[in-house]
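To start, the structure itself, in structure tokens.
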Amino acid sequence: MPEIRLQSVTKIFGRKVEAVKDLSFIIEDGEYVSLIGPSGCGKTTTLRLLAGTILPTQGNIYFDNKSVENLSIRDRNIGFVFQHFAIFPHLTVWENAAYGPRVRGRKNSEIDSLVDHALKAVQIDDKAELYPPSLSAPDWQKTALARVIASEAKILLLDEPLGALDQKIREEFQVFLRNLVKKEGLTAIHVTHDQSEALTISDKVAVMNKGKLVQLGTASDLIFTPNNIFTSFFVGESDFLESVVLNDKEDFAEVRVGQSTIKVKNMGISRGRRAVVAVRREFFKVHKYEDKIKTGNFLPGVVVRDQFLGLLRRVRVKLENQQIVEVKIHAKHPIRFKENEKVRLVIDPSSTRCFEYPEEGVASALEM
Ligand code: ADP
Ligand code: MG
């Protein structure tokens with residue numbers, strides 16, 4: 001279970017497809033890290049660089065402080081599990097798991113004990129003699145995992161491993177997978193497009209965009225203290241209020257949004273600077289305009305639409321500056337809002353983030 005370090009790794013395909021750009025991060029020994037980001041942002045390329053199936057154009061990768069530049073794929077001690085099951089259909093579950101140690105020339109007695117351990121660890125020992133075509137989708141993935149464990153890999157790379165499973169099974173499998181990785185003492189890197197999966201399963205999540213690392217942090221870091229606009233947008237959903245900082249003296253800064261002044265988290269942006277305040281859509285509260293509310297920290301607006309989305313409702317509100325923001329409220333919220341009704345959007349300063357206005361504009365900063 002080594003520590004993995006990427007140092008300024010760039011991968012360019014052909015002449016100019018920069019799939020990964022100047023990527024640096026550390027995955028600690030025994031950590032479970034997920035990579036998330038829009039399609040094409042470089043997640044699979046990052047896994048392939050770690051595996052050694054492709055080499056960096058620039059930069060270095062270290063396992064336990066040793067450069068892996070000259071380590072072959074086999075000597076990297078890595079196991080893979082993909083969405084599309086990489087196991088042999090004509091071999092039994094047992095024979096599939098035995099494949100790794102057999103190729104490495106282990107003795108029969110060692111193979112027996114490695115395979116027995118692996119099949120028990122993934123709870124498929126009762127199906128050892130079955131062939132994959134008679135197995136369910138989760139058991140195919142368990143067989144692939146048994147193969148990794150029997151091969152004594154210390155790093156597990158997973159690329160959308162649960163992509164072919166139904167939602168309910170997928171959620172159970174997430175817990176199973178995390179427990180397995182921890183029990184076997186592996187370092188795991190898991191690519192998924194499903195951010196709730198990433199936030200559930202991992203110690204840390206790396207958000208990537210356009211080949212770059214945007215933020216690496218715990219689920220709580222990414223949800224409650226994103227350190228940039230892209231993470232605020234991509235992990236959960238936020239609205240962005242364009243504003244100007246009026247004072248920056250206290251824990252909470254005052255900013256002007258249109259004609260209104262609100263308090264937001266002070267994140268060190270100086271007075272007079274343009275800023276973007278990010279508010280997660282679940283963190284706004286919406287009240288009828290005439291309701292008595294205890295706080296002065298609100299933005300007035302007019303309802304555009306109040307729409308059911310399963311368990312939630314989405315209320316679109318046009319602010320005085322003409323910006324339309326969305327608020328997520330529970331479907332059973334006692335008030336139904338009418339079109340053109342005046343409302344107040346109450347903002348809890350401690351649940352805001354306040355970023356420097358991006359030079360390239362908000363839309364470009366969010367481009368994927
Ligand atoms: P993700 O897994 O995040 O969807 P990938 O790492 O597969 O993204 O791809 C990142 C970028 O690199 C994409 O623009 C993709 O088209 C490009 N790319 C990936 N593999 C190759 C390749 N072998 N040759 C050329 N371009 C590639
Ligand atoms: Mg991919």
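Whatever order the structure lists ligands and atoms in, that order sets their numbers, starting from 1.
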Worksheet item: Is at least one protein non-hydrogen atom found at under 4.0 angstrom from atom 15 (C) of ligand 1?
Response: no
Fill in: Stepwise side-chain contact (heavy atoms from CB on, under 4.5 Å) check, Asn247 with Lys263
CA-CA 10 Å; Asn247 94 50; Lys263 278 198 168 114; over 6 Å; no
Worksheet item: Honestly, is Arg280 close enough over Phe283, meaning NZ or CZ under 6.0 Å from the six-membered ring centre and within 45° of the axis?
Response: yes
Item to complete: Check ligand 1 against Ser39 and write out every atom of the ligand that is under 4.0 Å from a heavy-atom position of the residue.
Response: 4 (O)
Practice prompt. Do me a favour and list the nearest non-hydrogen protein atom to atom 9 (O) of ligand 1 with residue, atom name and distance?
Written response: Thr45 OG1, 3.8 Å
Response to the item:
For atom 17 (C) of ligand 1, the closest protein heavy atom turns out to be Val17 CG1, 3.7 Å
Worksheet entry | Contact check, side chains of Val205 and Val33, non-hydrogen atoms, under 4.5 Å | no
Worksheet item: Considering distance alone, does some N or O of Lys43 sit under 3.5 Å from an N or O of ligand 1?
Response: yes
Worksheet item: How about Thr44: does one of its N, O or S atoms come closer than 2.8 Å to the Mg ion (ligand 2)?
Response: yes
Discussion item. Quick check: do Asp203 and Lys182 have side-chain heavy atoms less than 4.5 Å from each other?
Written reply: yes
Worksheet entry | Among Arg106, Arg147, Arg104, the one residue meeting salt bridge (Lys or Arg N to Asp or Glu O under 4.0 Å) with Glu152 | Arg106
Worksheet item: Within 4.0 Å of atom 6 (O) of ligand 1 (strictly less), any protein heavy atom?
Response: yes
Item to complete: Write out the residue and atom name of the closest protein heavy atom to atom 4 (O) of ligand 1, then the distance separating them to 0.1 Å.
Response: Gly40 N, 2.7 Å
Practice prompt. Check each atom of ligand 1 against the heavy atoms of Ala19 and keep those under 4.0 Å away; list them by number with element.
Written response: 10 (C), 11 (C), 12 (O)
Worksheet item: Are Lys11 and Phe13 in a cation-pi contact, defined as NZ or CZ under 6.0 Å from the six-membered ring centre and within 45° of the axis?
Response: yes
Worksheet item: Per the side-chain contact (heavy atoms from CB on, under 4.5 Å) rule, which among Ile229, Val214, Ile36 passes with Phe234?
Response: Ile36
Item to complete: Would you please determine whether Gly42 falls within less than 4.0 Å of ligand 1 on a heavy-atom basis?
Response: yes
Discussion item. To check your reading of the model: name the closest protein heavy atom to atom 25 (C) of ligand 1, its residue, and the distance in Å.
Written reply: Phe13 CB, 3.4 Å
Worksheet item: So do Ile293 and Val346 actually touch side chain to side chain, heavy atoms under 4.5 Å?
Response: yes
